[in-house]
Amino acid sequence: MICSDLEDPNDWPLNELRKLDTHLRCGICKEYFTTPVMILNCRHRFCSLCVRRAISAAKQGPADTKVVCPACREPIDSACIQPDTLLGDIVGCFRNCRSQLLELVKRGFKAPQEDLHDSRSDIDDGDISSQYNTTTAVRSTRRRNTKDVPPSSANPTHRYPTRRQVKQSRSPAIEVDNCQSKSRSDLSDDDFIASPRTGEHSTVKRRRTAQTTNATPSPSASVNMVECPICQCFVAENTINKHLDQCLGTGSPLSPSTSRSSGTASSHVHVANLLNGKRGSQSHASNAKYGRPTKLVYSIMSDKQLRKVLRDLGIPAHGDRAMLQHRHTEYLNLYLANEDSSQPKPLAQIVRDLLKWEKTQQNNTTSVTTANVNPSMPMSVAKPSSTPHSTCTSSDSCIATGTNRDIDDQSMVTSSGENERIHQMIQFLKEQRAQLRQSSQTASSDPPSHSTILDSSNADSSKASSEPPDDTIPDEHCNPDDITMDIPPASISMENENAP
Amino acid sequence: MSTPTRRRLMRDFKRLQQDPPVGVSGSPQPDNIMIWDAVIFGPEDTPFQDGIFRLKLTFDETYPNKPPNVRFVTRMFHPNVYANGELCLDILQNRWSPTYDVASILTSIQSLLHDPNPNSPANSEAAQLYRENRREYLRRVEETVHESWEA
């Protein structure tokens, strides 16, 4: 299982940067916000598509299920959702510079070990933030020592040192990444010793990009980077076409010749059109094929009517009733989320996304309808105002949870690989427990023995002597307020980090 | 194929590995990320202390908008755990939120162990003993703790 390509708040060595990274993520999908929207009552933010899907899923549940905010459980409605463009811009900026920033921060942590003799300020080994500050002091020391004081340090419009400055100052290599690239190879100083040909080529590039923007050229020697005129991020030259398509949302790639010579000009035209609220001519033609979906009350519609609606919208109309409803709901969510977006995709793309989604639903091991909660299953929580739930005397009432149980039965057959994995987890937890016990100075850190329960005096004596009366047992097993915060995972993880 | 659900599950796994909560752990099957095995250690200073309880979590493409199916593999004696290992827990049913992840599910189950609700019992015998004969309840719990070591 490869998880290494998933960027993660834990990539950051600084705790505050981890928190920042977490705050820029949707609480539902845990990815960076895509078209963030704000719920007007409680002001919690999610991706437009995520919250719309969450609302649809809640509505598909039992009739008495309230549609609530996933973070705070306040009742909400899809009408009280509004795009949060500022947050979208913030996330966009952060994503564009993330890999570079990460590189710089990581190097900042490594540098103090190499340059202790250069440092002009005290280094406190126990304090990460002061180490970081020291590193920047070290860097500026280095810069001051070089012959050429780079104008970039003074000029706020220059974001990156020029090639010559990097080479002379011998500061760490800075990798320029495109906004969607995943490569993070480390470049050494040798990579910046450009061959005459490459150097010339990059000079040419520098001039061309300088015409379009005020940013300095990329220092990368191995890949020619060009700056996107729309989002101002650097992309590899061979991917600029695709990148421009995405920026413009045209859906068809520009020809290579267009991108090199007149691409800049046509991009400006496109940008102007976008600013004026127009879309590319291609998307106009394609959008005309598809209708605008509206919210429907499925219960008053016949199958025939529903199929007609889907056909008029230009989307597939096959399948049973449940499939028709789900498809329509998903299309509506995709459409509205696209409308919320600052760079909407053409409808043809939305329909393609819908078909992709449908394929994943078909591959699903259980259908969506059977995954619904069985309303007759007694809950373990008694609501304060409601009468006590009926006692569940047998497990038969749980059979109605659907085909999940069949899958469970199959997966109950354990394999040796599975046992090994479980064994590894148990070992890890034992070590964790031993460390915690040691650190909190409890009786024993040995592996669980029969005497352990008797050893820990707290457990038995308090339970045997006087039991807490039943009325102190809280109504709810897990207080959702403990878990449902704006950024629940971060809060839980931060608590764990602070634990003794 | 990488779907949003699978991606989300990979993130959950990554988080569990990098930021492990105390006393709980889980991992998906190598060939199927929708089925997870999990282990919960009984919370410290409770009758469940030192118990090693295994669970199975089954996800589908509706996750995270719908909760997974969670079941204890280890035999349990608890007012809110059915004989077949299924749980009666609000956050896995009507109080589920798509912001929950595998870590929060497992830590909630761990805190449920020593904080049952006998008013809606899944195991009526356990609920009755918990209410009326705590000593016997503890003895039965201890039995399952010892049994869990042998698995």
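To find a chain, count down the sequence lines: A is the first, B the second, and so on, and within it residues start at 1. These numbers come from the heavy atoms of this one structure, side chains and all, not from hydrogens, waters or symmetry mates.
Heavy atoms of A:Arg53 lying under 4.5 Å from chain B belong to its backbone as well as its side chain.
Chain A forms the most heavy-atom pairs under 4.5 Å with one residue out of B:Ser27, B:Pro64, B:Ala127, B:Pro79, and that residue is B:Ser27. Ranking B:Gly26, B:Ala38, B:Pro4 against chain A, the residue ahead of the rest is B:Gly26, based on heavy-atom pairs under 4.5 Å.
Aromatic ring pairs are classed by plane angle as parallel below 30°, tilted from 30° to 60° and perpendicular above 60°; the pair B:Tyr63 and B:Trp96 is tilted.
Annotation: cation-pi geometry not satisfied between B:Arg75 and B:Phe77 (NZ/CZ under 6.0 angstrom from ring centroid, within 45° of ring axis).
Salt-bridge formation is detected for the pair A:Glu418/B:Lys56: a Lys NZ or Arg NE/NH1/NH2 atom is positioned less than 4.0 Å from an Asp or Glu carboxylate oxygen.
Interatomic distance, CD1 of A:Ile422 versus CG of B:Asp37, reported as 4.5 Å (0.5 Å rounding).
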